[in-house]
> 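Here it is, the structure, as structure tokens.
Positions are given from 1, in the same order as the sequence printed here. Predicted, not measured: the structure shown is a model, and the values here were computed from it.
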Amino acid sequence: MIPRAFPPAPGWSPDGHRIKNEIDYSRGPEKTWVYGGLRVRDGHEVTCTAPSRNSTYYQRFLHLVEEANPTGEIHVVTDNLSSHDSKATWSDPASVDSEPEVRCP
């Protein structure tokens, strides 16, 4: 192994290892959730912050995505968080206009 001739990057230890912090996965008022979307064609992104993850904030994010993409199809990829598939989200006429089409490779 060749010794370093330059200092390590910020956030790394003097011997060149990444410094590890304990991760806090708790919930609380000090947390902010971020929703994000990317239009792959041109790199345009849509982001939205929220104090909690629920159907109301998810629907708000979907409205921002629709405003940024007034024409054409929108493909949404989500995980299984309940707000993504809640009754409130599916009953909001501005959020969706049909059942999701699922494609598996």
> Show every side-chain hydrogen bond (donor to acceptor under 3.5 Å, both in side chains) that has at least one partner inside residues 36-46, sequence neighbours left out.
Arg39-Asp42, Arg39-Asn69
> Tell me whether Glu66 contacts the main-chain N or O of Ile74 through its side chain, where contact means a donor paired with an acceptor under 3.5 Å.
no
> Does one hydrophobic cluster hold both Phe61 and Trp33, with members joined at side-chain heavy-atom distances below 4.5 Å?
no
> For a 4.5 angstrom cut-off between non-hydrogen side-chain atoms, does Tyr58 reach Thr78?
yes
> So if you build clusters from Ile, Leu, Val, Met, Phe, Trp, Tyr with side-chain heavy-atom gaps below 4.5 Å, do Tyr57 and Val34 land together?
no
> Between Thr89 and Ser83, is there a donor-acceptor pair closer than 3.5 Å when you use the side chain of the first and the backbone of the second?
yes
> Does Leu64 share a hydrophobic cluster with Val76, counting links as ILVMFWY side-chain heavy atoms below 4.5 Å and allowing steps through other members?
yes
> Drop me the distance from Leu81's CG to Asn54's CG, to the nearest 0.5 angstrom.
9.5 Å
